[in-house]
Enquirer: 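Supplied in structure tokens, the structure appears directly below.
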Protein chains: 2
Amino acid sequence: MREPTFMILTALAGEPLHGYGLITEVARLSDGRVSLRPGTLYGALDRLVDAGLVAVEREEVVDGRLRRYYRLAEGGADLLAAETERMRRNVAAATARLKTRTHRGAPRLSGGTA
Amino acid sequence: MREPTFMILTALAGEPLHGYGLITEVARLSDGRVSLRPGTLYGALDRLVDAGLVAVEREEVVDGRLRRYYRLAEGGADLLAAETERMRRNVAAATARLKTRTHRGAPRLSGGTA
DNA sequence: ACCAATATATCGGGTGCCAAGATATAGCGG
DNA sequence: CCGCTATATCTTGGCACCCGATATATTGGT
């Protein structure tokens, strides 16, 4: 799973949101790192609804503007949890490898200077 | 960055490896979660070398078979560290949101039980 | 003789993301 | 009144990246 999709599921794990609300919420919870574009968002939502990972909660009309609220389905929460755990392990592996590197010059291998 | 590329950089953060060695090392350090395919691997390596993130360390011929060793360039290590930190934050955000969810039924919103 | 493992390379196809722009309403400043 | 910004959704075209499959070549086991 790619980052935009991951952040959409994460945002919906908190509460149901409509598309535009997702754009602002994802920007907020990522401290501005992830800026969702319309083409990405609505494409992803269609895909996620199609896969049964996200469902349309309800639709509202406010000031003549449609708001379509999406909620995380059970399968979506399970997938997000699995994906989070997978990433956690990858992060742990990368962190461990990066720590073994000397911070100046090449990494010391088993032989050392012997 | 996608998972195969992330794991390639992670594997190379430990020590220089040749292509086939990367396939086995990535499988090992991911406990079998990531199975690198040739098409993915060599395409990614070409791309990473082209971007200056990975460099060809040396070439050996063992038993008539070529081994081309790749090492992580400075830019690659920096990128891997940045990407790891980014993922760590995403994982933290997702973990926090998932924790707020009641494990049966709908999530409790701001009101709580008050 | 055949198959598995080692080792690299290439091609076709698909997924998912992005840039860009279209559509529509409402409020604010010039 | 006109343009700009914010709110809100939708569509199209293109690209990056990955995957499956296949090709090539050597060594060793059965």
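By convention in this document, chain letters (A, B, ...) are assigned in the order of the sequence lines, proteins followed by strands, and residues within each chain are numbered from 1. No experiment lies behind these values; they were computed from the predicted model shown. Side-chain atoms are counted along with the backbone in the values below, which use heavy atoms only and exclude waters and symmetry mates.
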Enquirer: Which one of Thr5(B), Leu48(B), Thr84(B), Leu53(B) satisfies the side-chain contact (heavy atoms from CB on, under 4.5 Å) criterion with Leu79(B)?
Expert: Leu53(B)
Enquirer: Summarise how protein sits on nucleotides 22-30 of chain D as a single string, 5' to 3': B when a protein heavy atom is under 4.0 Å from the base, S for sugar-phosphate-only contact, - for no contact.
Expert: ----BS---
Enquirer: With a 4.5 Å heavy-atom cut-off, do Arg89(B) and Asp31(A) have their side chains touching?
Expert: no
Enquirer: Should Val61(B) and Arg67(B) count as side-chain neighbours, where that means a heavy-atom distance under 4.5 Å?
Expert: no
Enquirer: Using atom CD1 of Ile23(B) as one end and atom P of dT8(C) as the other, report the distance to the nearest whole Å.
Expert: 8 Å
Enquirer: By nearest heavy atom, map Val62(B) and Gly39(A) onto DNA chain C; which one lands nearer the 5' end?
Expert: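 Between the two, 5'-proximity favours Val62(B).
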Enquirer: Do the non-hydrogen side-chain atoms of Leu41(A) and Leu22(A) ever get within less than 4.5 Å of each other?
Expert: yes
Enquirer: Tell me: CG of Leu36(A) to C1' of dG16(C), nearest whole Å?
Expert: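 Distance check: Leu36(A) CG to dG16(C) C1' gives 13 Å.
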Enquirer: Write down the distance between CD (Glu25(A)) and P (dT7(D)), rounded to a whole number of angstrom.
Expert: 14 Å
Enquirer: Please tell me if Thr40(A) has a side-chain N or O lying less than 4.0 Å from either OP1 or OP2 of dG16(C).
Expert: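 Answer no for this pair, as no side-chain N or O of Thr40(A) is under 4.0 Å from OP1 or OP2.
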Enquirer: With side chains defined as the heavy atoms from C-beta onward, is the minimum distance between Ser30(A) and Met7(A) less than 4.5 Å?
Expert: yes
Enquirer: With a 4.0 Å cut-off on heavy atoms, is Gly19(A) in touch with a base, just the backbone sugar-phosphate, or nothing at all?
Expert: sugar-phosphate
Enquirer: Using atom CG of Leu45(A) as one end and atom P of dC10(D) as the other, report the distance to the nearest whole Å.
Expert: 9 Å
Enquirer: From the set dT8(C), dA8(D), dC19(D), return the single nucleotide nearest to any side-chain atom of His18(A).
Expert: dA8(D)
Enquirer: Start with the C-alpha distance between Arg86(B) and Glu3(A), add both sets of side-chain angles, then the distance that settles salt bridge (Lys or Arg N to Asp or Glu O under 4.0 Å), and finish with yes or no.
Expert: CA-CA 10 Å; Arg86(B) 185 186 184 94; Glu3(A) 193 178 42; 2.6 Å; yes
Enquirer: To the nearest angstrom, how far is Arg2(A) atom CZ from dC17(C) atom C1'?
Expert: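 Taking CZ of Arg2(A) and C1' of dC17(C), I get 5 Å after rounding.
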Enquirer: Distance check: side-chain N/O of Arg37(A) vs OP1/OP2 of dA19(C), anything under 4.0 Å?
Expert: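 Yes, within the criterion.
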Enquirer: Arg67(A) has an atom CZ; how far is it from atom P of dA8(D), in whole Å?
Expert: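 After rounding, the reported distance stands at 4 Å.
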Enquirer: What residues in residues 79-93 of chain A put a non-hydrogen atom under 4.0 Å from any atom of DNA chain C?
Expert: none
Enquirer: Is the shortest heavy-atom distance from the side chain of Phe6(B) to the side chain of Met87(B) under 4.5 Å?
Expert: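 Counting from C-beta outward, Phe6(B) and Met87(B) do come under 4.5 Å.
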Enquirer: Hey, is the side chain of Thr5(B) poking within less than 4.0 Å of OP1 or OP2 on dC18(D), counting only N and O atoms?
Expert: yes
Enquirer: dT8(C) C1' sits how many Å from Tyr69(B) OH, rounded?
Expert: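 Between C1' of dT8(C) and OH of Tyr69(B): 14 Å.
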Enquirer: So, Arg101(A) side chain and Ala13(B) main chain: donor-acceptor pair closer than 3.5 Å or not?
Expert: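 A pair under 3.5 Å: yes.
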Enquirer: Please say whether more than 12 non-hydrogen atoms of neighbouring residues, nucleotides or ligands are located less than 6.0 Å from CD in Glu74(A).
Expert: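 It does not: Glu74(A) CD has 12 such atoms or fewer within range.
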Enquirer: Under 4.0 Å from OP1 or OP2 of dG16(C): is there any side-chain N or O of Arg47(A) that close?
Expert: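 For Arg47(A), the contact criterion (side-chain N or O under 4.0 Å from OP1 or OP2 of dG16(C)) is met.
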Enquirer: What is the distance, rounded to the nearest whole Å, between atom CG of Leu66(A) and atom C1' of dT25(C)?
Expert: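 One finds 12 Å between C1' of dT25(C) and CG of Leu66(A), rounded.
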Enquirer: For Tyr42(A) and dT9(D), is the shortest distance between a side-chain N/O and OP1 or OP2 below 4.0 Å?
Expert: yes
